[in-house]
There are 2 protein chains.
Amino acid sequence: MNNKITKPTEAELQILQILWQNGPSTVRFVNEKLNEEKKTGYTTSLKTMQIMFEKKLVKRNEENKTHIYAAVVREEDVQKHLLDKFLDSAFKGSAMKLVMQALGNRKTSKKELDEIRALLDKIEKGGNK
Amino acid sequence: MNNKITKPTEAELQILQILWQNGPSTVRFVNEKLNEEKKTGYTTSLKTMQIMFEKKLVKRNEENKTHIYAAVVREEDVQKHLLDKFLDSAFKGSAMKLVMQALGNRKTSKKELDEIRALLDKIEKGGNK
DNA sequence: TTAATAGTACGAAAGAATTCGTAGAACAAA
DNA sequence: TTTGTTCTACGAATTCTTTCGTACTATTAA
């Protein structure tokens, strides 16, 4: 079990999102995706991905001249890790408060609400642990 | 209505937490609180609080030699703001996923679960908004 | 009144993250 | 071949944040 998740920086997280969403990708592809959000130079993306490679956040296939990058860390694991940190720093650890805030201030569909209810029931039954 | 919340840095957020929790405080007090968590030089705390003052995150009473600092921004407002950002960057905007993660991976009391149910009901009834 | 103590102000060093320019390798097309 | 294009590598500039040293002022105690 590999617990040592290094907290990705903001730029790294954005790239991970793209890799999670699209699967293994070239730097060019990632850079183009990034540019949909915010002007980003090609070598900037490249450099960031090289750093992520050193940090083992991603791996890459170097068989061809154009490398193919893929996420090494799993989306859920990173989310959990970031959530823990965030909970701590912004909500002093109160998951309750965070959930109330998250639900309270935005529109959530009936379907989603029901899904949450189902989860609550499951937790209460002790299915969670 | 003042929407222009500048995202506080990590160090600034820690100080805000102390001010929210303890009310108006001196630099010395804040610094001592910070030191319960992590060794922090006095002038480091001072400098950070001065920057926060410039940024209008805090105000201060300068009547006496020892200034008294107080938060200007409200805890809920900052939390909401940080949550929005976090949701976006880590969960691509899906409050659902975040809530599931937050509830799924930790122990939550019956009372809390019921509070959430109540909130869900309220949202569904359209009472929310 | 003088010395020690406790403050503020502030520039600048140190660190961390991001951005960018340039060099050189690989490859394709002419 | 030669030329243009598309890559990687990588150092260095930039920017943002945090930390710290130093100068100076007010206050307190001897």
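Reminder, nothing fancy here: chain letters follow the sequence lines and each chain counts from 1. Only a predicted model underlies this, so the values are computations on that prediction, with no experimental measurement involved.
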Among all residues two or more places apart in sequence or in another chain, which pass the side-chain hydrogen bond (donor to acceptor under 3.5 Å, both in side chains) test with [X]?
X: A:Asp114; value: A:Lys110, A:Arg117
X: A:Glu75; value: A:Gln79, B:Lys92
X: B:Lys80; value: B:Asp84

Grab the [atom1]-[atom2] distance between [X] and [N] for me, whole Å please.
X: A:Gln50; N: D:dA12; atom1: CD; atom2: P; value: 16 Å
X: A:Tyr69; N: D:dC7; atom1: OH; atom2: C1'; value: 11 Å
X: A:Glu54; N: D:dA9; atom1: CD; atom2: C1'; value: 11 Å
X: B:Met49; N: D:dC20; atom1: CE; atom2: C1'; value: 17 Å
X: A:Arg60; N: D:dC7; atom1: CZ; atom2: P; value: 15 Å

Below 3.5 Å is the cut-off: list the nitrogen or oxygen pairs between protein and nucleotides 15-19 of chain D, distance only.
unit_1	atom_1	unit_2	atom_2	d
D:dT18	OP1	B:Thr9	OG1	3.4
D:dT18	OP1	B:Ala11	N	2.9
D:dT18	OP2	B:Thr9	OG1	2.6
D:dT19	OP1	B:Lys38	NZ	2.7

Original post:
Does the side chain of A:Lys47 reach to within under 4.5 Å of the side chain of A:Ile51, using non-hydrogen atoms?
Top reply: yes
Subject >> Any B:Leu82 side-chain heavy atom under 4.5 Å of B:Ile5 side chain >> reply: no
Subject >> Contact boundaries on DNA chain C for chain A, cut-off under 4.0 Å to non-hydrogen atoms >> reply: C:dA17 to C:dA26
Subject >> Residue pairs fulfilling ring-ring contact (aromatic ring centres under 6.0 Å, His included) with at least one residue in residues 84-110 of chain B, sequence neighbours excluded >> reply: A:Phe86-B:Phe86, B:Phe86-B:Phe91
Original post:
Rounded to the nearest 0.5 Å, how far apart are CD1 of A:Ile116 and CG of B:Leu119?
Top reply: 9.0 Å
Exercise answer: donor-acceptor pairs, residues 93-103 of chain A side-chain atoms, under 3.5 Å, sequence neighbours excluded:
unit_1	atom_1	unit_2	atom_2	d
A:Ser94	OG	A:Lys97	N	3.1
A:Gln101	OE1	A:Asn105	ND2	2.9
A:Gln101	NE2	B:Glu76	O	3.3

**OP:** Determine yes or no for a side-chain-to-main-chain donor-acceptor pair under 3.5 angstrom, with B:Asn31 supplying the side chain and B:Leu46 the backbone.
**Re:** no
Subject >> Smallest separation among heavy atoms of A:Met49 and A:Val58, with atom names >> reply: O-CG2, 4.0 Å
Could you list the protein-to-nucleotides 3-6 of chain D atom pairs, N/O on both sides, closer than 3.5 Å?
unit_1	atom_1	unit_2	atom_2	d
D:dT6	O2	A:Lys65	NZ	2.3

Subject >> Strand-adjacent residues in residues 15-25 of chain A, judged by heavy atoms under 4.0 Å from DNA chain D >> reply: none
Name the atoms and distances for all side-chain donor-acceptor pairs under 3.5 Å in residues 61-72 of chain B, with sequence neighbours left out.
unit_1	atom_1	unit_2	atom_2	d
B:Asn61	OD1	B:Glu63	N	2.8
B:Glu62	OE2	B:Arg60	NE	2.7
B:Glu62	OE2	B:Arg60	NH2	3.3
B:Tyr69	OH	B:Arg60	NH1	2.9

Check residues 18-28 of chain A and write down every donor-acceptor pair under 3.5 Å in which the side-chain atom is one partner and the other belongs to a residue at least two apart or another chain.
unit_1	atom_1	unit_2	atom_2	d
A:Trp20	NE1	A:Val73	O	3.1
A:Ser25	OG	A:Gly23	O	2.6
A:Thr26	OG1	A:Phe29	N	3.1

Original post:
Does B:Lys55 have any salt bridge (Lys or Arg N to Asp or Glu O under 4.0 Å) partners at least two apart in sequence or in another chain, and if so, which?
Top reply: B:Glu12
